[in-house]
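Here's the structure we're looking at; comments come further down.
All values below come from the heavy atoms of this structure, side chains included, with hydrogens, waters and symmetry mates left out.
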Amino acid sequence: MQYLRLKKKKDFLKVLKAGKRAHCRSLSVIYFPSDAVKMAVCVGKKYGKSVKRNRIKRLLREAFRSVQGSVSPACSFLLIPKEAEEYSYAAFRRDILCILNKEKLLEDKGNAAHKGKCPLPKA
RNA sequence: CGAGCGGGCUGCGCGGCCGCGGCGCGUGAUUUCACGCGAUGAGGAAAGUCCGGGCAUCACAGGGCAGGACGCCUGAUAACGUCAGGUGAAGGCGACUUCAAGGAAAGUGCAACAGAAAUAGACCGCAGCGAGUUUUCGCUGUAAGGAUGGAAAGGCGAGGUAAGAGCUCACCGACGGGACGGUAACGCCCCGUGCCAUGUAAACCCCGUCCGAUGCAAGUUUGGGCUCUGUUCAUAUGGGCUGCCCGUCCGAGCAGAGCCGUGAAUAACGCUUGAGCCCGUCGGUGACGGCGGGUGUAGAUAAAUGACCGCGCUCGACAGAACCCGGCUUAUAGGCCCGUCUCGGAUC
RNA sequence: GGCCUUGUGGUCAAGCGGUUAAGACGGCGCCCUCUCACGGCGCAAUCCCGGGUUCGAUUCCCGGCAAGGUCA
C-alpha cells in the first residue's frame, strides 16, 4: 500500500479545521500537508442505502489509487462526493486530477507527462 | 388450446490485466513491517428487528405481586407467536384459499344518530268495549304487518283466535341428556325442553399455558503506577441484583492537580464447528427423527468484491455479513421445473 | 450492531370508539379605514400508508414507510 488511510477522529477534525478546500463538478476535496500521502472518504447516510454507499466508496478509492503516485507534496485528503443520481469512475478520476492540477499538487516532472496523457483524451 | 390452482429451483456466465480483506507457506527483517507464491472471500432475503433459543454478566436465578405474550385439537422441535396433519367457520362453479377460532347465566362498562322502544315497550296499525249523528276520542288486549337501525326476544309454513302470540304442530336452528365413531377438537344418530333472554372480550376482565433482567457497545484480560487534595456513603436512612415487596451480596466510589508514560472512543480474547451442509437408506400421511458415508473455505473494525478490455445472451431486479442459529414479515427483473391438480372450448 | 420514541392544515400542536377533527402563529379572500396597522368574518386536513376487529377507527390490533433519540 503506497498511501495511508485516515482513521482517527482526531485526524479528521484536524483536516476539517485547518485544511484547504477545493471543489469540482462531482466532488469536493479538503487537504492539509502531512508527512505521508493519506486519504479518507466521507459518505454519510444521505447518499442512500449500504449498497449505494459502498459503490461510491469503491469508486472514490479506485480513482484516488490511480492518481496517488504523482502527488508531490504529501498531504492528507478528504474526499466528499456530491449527491447525484449516478456516480461514475471516469468522472471522479477526471475531477480529482482537475483539482490536483488547479491546486498545484502534482509532481513537476510527472506533471507535463500526465497532463498530456490522462486528462486530455477524456476531455 | 386457453384460463387458473398448488409446490419447488435459480438470482448473468467465461477469460485477461491492475487492486483490496483476512489465512497458509517462503524470503528479508526478527517488535511493528515489506515482498513473492498459493488457495479463499456477502444473501435469498445478509433487510425490518417482529418472535423463539444458544452464549455472557447480574451471589446460587430464588419466592410473591404487578406487567406482558399466547389461546380449536393432536403432533414436530432446543424453543416459538413457527411448522405439519386434522376439526370448525367464511369465500370460490372448481383445483383451492383465508381465519388472534377459549369464556358474554362471575362481575363492570359501552352501543352515537335514527327510532315508540336498545334490554326495555306501543308511534302507525289490528281487535274488543264505552262515548259520540259523523269526523273522532278514551280504556283494554296484541306484537302478525309498517317505519328506524348493524342489531327489535328464533326462522318458515299450517292450525288456532275478537285480533294475535311457541298458544299448538311439522321441518330447520338453539339448549340439555344419552348411544356410536375418533387419542382429541368434533362428527353423526336418538330422546327431551317451547326457547331463559342482542352485540362487543384486537373494552376492562375471568380461565388455562408460558415468561427473572440486561444484551457482544454483553462480558473477560492487559496497559496506568506513585503522591496530594476535595467530595459522597458507611453496617443500613448507602449502592448492586427488577417496576414493587421479600430475600440476598458489597467496602469502597467519584472528581481535580503534579511526575513518569501514552495508540487510549485503544489492543487482544469473545469471533466462528454450529440444534452445520450434502447424499443414501429406514420409520412416519407429514413436519421431523434414527442409522451409514462424505464435506468442511467470510470474520472486517473509517469497516474488504472494484476499474479497464474481449465474447455470449433474455442486457442483468431487490439488495452488502458485523456474536451465532430456528422462524415470521417485507422488497424483488426475469428464467426454469413438477402435479393420477381444476375449469372452459375444440377434435378423436 | 442493540434498545426506544414519534407521525393530525405551511409550522407548533389538543383530541373518552360516534365531533362540522379544538386551539395558536402564518397564508389567502372579504369587511372596517382616506391608506396601513389593529379588529371582525370566512376558506384551506388522503388524521403517514395498507390490512383486520367493530354497526362505526384519528383512537384498538397487525404489518410496512419516514423522522428522531440513546448506548463504552
Side-chain angles (χ1 to χ4, degrees):
Chain A
M1 197 172 13
Q2 296 171 20
Y3 68 95
L4 299 172
R5 302 290 296 279
L6 275 180
K7 292 188 179 180
K8 299 288 169 338
K9 187 172 185 178
K10 226 195 288 178
D11 302 335
F12 273 78
L13 289 175
K14 196 169 77 184
V15 175
L16 277 171
K17 268 187 185 167
K20 265 194 85 179
R21 287 154 198 264
H23 309 281
C24 203
R25 204 183 310 159
S26 66
L27 79 164
S28 300
V29 173
I30 306 177
Y31 66 95
F32 187 72
S34 61
D35 50 349
V37 178
K38 297 181 183 173
M39 186 273 279
V41 179
C42 295
V43 182
K45 280 256 175 93
K46 68 174 179 179
Y47 294 92
K49 295 195 173 187
S50 57
V51 172
K52 208 168 180 183
R53 294 200 302 271
N54 279 343
R55 171 84 184 157
I56 296 168
K57 285 189 259 183
R58 281 171 194 147
L59 291 175
L60 282 175
R61 278 200 293 265
E62 179 64 24
F64 187 80
R65 191 184 65 80
S66 67
V67 301
Q68 51 92 17
S70 53
V71 176
S72 80
C75 284
S76 296
F77 293 93
L78 288 186
L79 306 185
I80 304 167
K82 295 190 176 169
E83 277 185 274
E85 288 291 310
E86 302 237 331
Y87 303 90
S88 79
Y89 170 76
F92 280 143
R93 185 183 149 88
R94 186 192 60 218
D95 290 343
I96 288 174
L97 275 174
C98 170
I99 287 172
L100 292 179
N101 240 335
K102 203 162 63 180
E103 302 293 322
K104 303 207 164 46
L105 290 170
L106 289 175
E107 258 179 71
D108 284 342
K109 56 180 181 180
N111 203 357
H114 276 87
K115 228 179 188 174
K117 268 184 200 169
C118 288
L120 283 179
K122 311 233 170 196

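Across all strands shown, B:G44 remains unpaired; no Watson-Crick or G-U wobble contact has both distances below 3.5 Å. Look at B:C25: its Watson-Crick or wobble partner, with both distances under 3.5 angstrom, is B:G36. Base pairing annotation: B:G212 forms a Watson-Crick or G-U wobble pair with B:C58, both donor-acceptor distances under 3.5 Å. Checking C:G17 for Watson-Crick or G-U wobble geometry (two distances, each under 3.5 Å) identifies no partner in any strand. Nucleotide B:C254 has B:G230 as its partner under the Watson-Crick or G-U criteria, with both atom distances under 3.5 Å. Remark: B:U237 base-pairs with no nucleotide in the shown strands. Criterion, Watson-Crick or G-U wobble with two distances under 3.5 Å. Under the Watson-Crick or G-U wobble criterion, with both distances below 3.5 Å, B:U281 is paired with B:G290. Using Watson-Crick or G-U wobble geometry with both donor-acceptor distances under 3.5 Å, B:A322 finds no partner in any strand shown.
Each of A:Arg94, A:Arg58, A:Glu62 was checked for a side-chain contact (heavy atoms from CB on, under 4.5 Å) with A:Tyr89, and the lone residue meeting it is A:Glu62.
The nearest heavy atom of RNA chain B to A:Arg65 and to A:Asn54 marks one nucleotide each, and the one closer to the 5' end goes with A:Arg65. Each of A:Leu59 and A:Lys49 lies near RNA chain B, and the nucleotide nearest A:Leu59 is the one positioned closer to the 5' end.
Distance check on atom C1': B:U305 versus B:U273 gives 26 Å, rounded to whole Å. Separation of the C1' atoms belonging to B:C324 and B:A66 is 35 Å when rounded to the nearest angstrom. Rounded to a whole angstrom, the distance from the C1' atom of B:A322 to that of B:A275 is 23 Å. Spacing between B:G132 and B:G157 at atom P, rounded to whole Å, works out to 44 Å. Atom C1' of B:A112 sits at a distance of 12 Å from the matching atom of B:A118, rounded to the whole Å. Atom C1' of B:G92 sits at a distance of 15 Å from the matching atom of B:A3, rounded to the whole Å. Of the P atoms belonging to B:C70 and B:C50, the separation is 14 Å, rounded to the nearest Å. Separating the C1' atom of B:C126 from that of B:C113 is a span of 31 Å, rounded to the nearest Å.
If you check B:G19, B:A307, B:A304 against the side chain of A:Arg61, the one that comes closest is B:A304. Considering only the side chain of A:Lys57, B:A304 comes nearest among B:G306, B:A307, B:A304. Here the side chain of A:Ser50 is nearest to one of B:A321, B:G306, B:A42, namely B:A321.
Taking CZ of A:Phe77 as the reference point, atom CG of A:Leu100 lies at 5.5 Å (rounded to 0.5 Å). Rounding to the nearest 0.5 Å gives a distance of 10.0 Å between CZ of A:Arg93 and CZ of A:Arg65. Of the inter-residue distances, the one linking A:Asp95 atom CG with A:Ser28 atom OG reads 10.0 Å to the nearest 0.5 angstrom.
Looking at A:Val29 and A:Ile80, their side chains never come closer than 4.5 Å, going by heavy atoms from C-beta outward.
One can place CZ of A:Arg55 at 14 Å from P of B:C318, the figure rounded to the nearest angstrom. The nearest whole Å value for the distance from the CZ atom in A:Arg58 to the P atom in B:A42 is 12 Å.
Under the 90° criterion around 0 for the glycosidic angle, B:A42 counts as syn. Look at B:U87: its glycosidic torsion is beyond 90° from 0, and that puts it in the anti range. Taking syn as a glycosidic angle within 90° of 0, B:G44 qualifies as syn.
Across all their heavy atoms, A:Leu27 and A:Ile99 have their closest contact at O-CD1, 4.1 Å.
Between A:Arg93 and B:A307 there is no side-chain polar atom (N or O) within less than 4.0 angstrom of OP1 or OP2.
Residue-level contact check: A:Arg53 touches neither bases nor backbone, having no heavy atom under 4.0 Å from any strand.
In this structure a side-chain-to-backbone donor-acceptor pair under 3.5 Å is present from A:Tyr47 to A:Pro81.
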